[in-house]
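Notes for the one structure printed next.
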Amino acid sequence: MFTETWQHIYVLGLPVLEKILRPVLVYIFLIVGLRIAGKRGLSSLNSFDLVVLLCISNTVQNAIIGEDNSVLGGVIGATTLLLVNYGTVRFFFTHPKLDQLVEGESTMLVENGKINEKAMSEELITHTELEAAAHKQGFRRLADVESCELEPGGGLAFMGKTPSPEERRETEVMTKLGEISKQLAELKAKIDAPKAG
């Protein structure tokens with residue numbers, strides 16, 4: 001029984017080369033597939049996008065591990081994925097033009113306070129989804145947004161028309177501190193004036 005347990009842990013159900021090739025092929029497929037699917041799929045704007053990403057991970061699991069349930073097989077597969085990802089990221093870091101070609105460019109969804117309907121339609125993003133994303137970043141309404149950019153990685157970057165509540169509060173506090181400092185300096189000058197005379 002003890003020997004059988006160790007066999008399940010260490011004895012590979014597939015050849016090592018196959019254990020390495022499977023994750024590489026799935027990795028390449030997913031990179032290409034997600035690029036074709038567009039930036040929206042990465043942003044998980046709604047529950048449908050999230051469900052698709054979760055299902056993809058479950059769907060490709062067997063393609064990566066095959067019929068091998070050994071711990072060693074899992075370690076080889078995971079190590080292969082980590083190394084391929086490290087090599088890919090390092091390669092694209094040193095080749096920014098290729099990175100831009102693969103990743104794509106940012107898309108302006110809101111520019112100068114106006115929603116770009118054509119870009120929204122191309123990226124399949126509804127006003128409701130954009131507004132929900134704006135709420136998550138602290139904007140009460142889309143009218144407060146100066147610009148919004150859908151980044152290649154799927155993130156939404158919002159810029160406000162006016163300073164944020166935190167920035168306004170900080171400005172008010174700094175103004176009050178300036179006034180207090182000035183008043184303290186005047187009081188100090190009045191206290192020091194009789195001593196000098």
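Since the model is a prediction, treat every value here as computed from it, not as a measurement. Along the sequence shown, residues are numbered consecutively beginning with 1.
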ask   = Just checking, any donor-acceptor pair under 3.5 angstrom between side chains of S106 and E149?
value = yes
message = Starting from F29, can I reach V24 by hopping between I/L/V/M/F/W/Y residues whose side chains sit under 4.5 Å apart?
response = yes
query = From L187 CG over to K182 NZ, what is the distance, rounded to the nearest 0.5 angstrom?
reply = 12.5 Å
message = Once rounded to the nearest 0.5 Å, what's the spacing between atom CD of E105 and atom CD of Q100?
response = 5.0 Å
query = Would the H95 and F91 ring centres measure less than 6.0 Å apart?
reply = yes
inquiry  = To check you understand the geometry: which heavy-atom pair defines the closest contact between I20 and P23, and what is its length?
reply    = O-CD, 3.2 Å
note = In terms of heavy-atom contacts, T80 and K19 come closest through OG1-O, 4.4 Å
ask   = Which pair of non-hydrogen atoms, one from F139 and one from M159, has the smallest distance, and what is that distance?
value = CZ-C, 3.9 Å
message = Do I56 and I31 sit in one hydrophobic cluster, given that two such residues count as connected whenever their side-chain heavy atoms are within less than 4.5 Å of each other, even indirectly?
response = yes
request  = Going by the side chain to side chain contact (heavy atoms under 4.5 Å, CB included) test, name the single residue among V145, I125, N116 that passes it with L109.
outcome  = I125
key: From E186 atom CD to I191 atom CD1, the distance as rounded to the nearest 0.5 Å   = 12.0 Å
message = What I'd like to find out is whether the side chain of Y27 reaches to under 4.5 Å of the side chain of N85, using heavy atoms alone.
response = yes
Interatomic spacing from OG in S181 to CE in M174 - rounded to 0.5 Å = 9.0 Å
query = Got a second to check how far L130's CG is from I115's CD1, nearest 0.5 Å?
reply = 6.0 Å
ask   = Any side-chain heavy atom of S147 sitting closer than 4.5 Å to one from N112?
value = no
inquiry  = To the closest 0.5 Å, what do you measure between CG (L177) and CD (E170)?
reply    = 10.5 Å
ask   = Any donor and acceptor pair, going by atom type alone, linking the side chain of H135 with main-chain N or O of R140 inside 3.5 Å?
value = yes
request  = State, yes or no, whether a side-chain contact exists between D192 and K188 at a heavy-atom distance under 4.5 Å.
outcome  = yes
inquiry  = Can you confirm whether more than 12 heavy atoms, excluding those of M108, are under 6.0 Å from its CE atom?
reply    = yes
task = Please name the pair of heavy atoms, one in E151 and one in A157, separated by the smallest distance, quoted to 0.1 Å.
result = OE2-CB, 3.4 Å
request  = Please examine the side chains of L81 and I64, heavy atoms only from C-beta on, and report whether any two atoms are closer than 4.5 Å.
outcome  = yes
inquiry  = So does K118 get a backbone contact from the side chain of S121, meaning a donor-acceptor N/O pair under 3.5 Å?
reply    = no
query = Given the rule in the side chain to side chain contact (heavy atoms under 4.5 Å, CB included) test, do L98 and F92 qualify, once you have shown the distances and angles that lead to the verdict?
reply = CA-CA 7 Å; L98 279 175; F92 283 121; 3.9 Å; yes
ask   = Mind checking whether I76 and L21 sit in one hydrophobic cluster, side chains of I, L, V, M, F, W, Y counted as touching below 4.5 Å?
value = no
query = Are H127 and E117 side-chain neighbours, meaning at least one heavy-atom pair lies under 4.5 Å?
reply = yes
inquiry  = Between R22 and E18, does any NZ, NE, NH1 or NH2 come within less than 4.0 Å of an OD or OE carboxylate oxygen?
reply    = yes
ask   = Of the non-hydrogen atoms in E146 and V110, which two are nearest, and what is the gap between them?
value = O-CG1, 3.8 Å
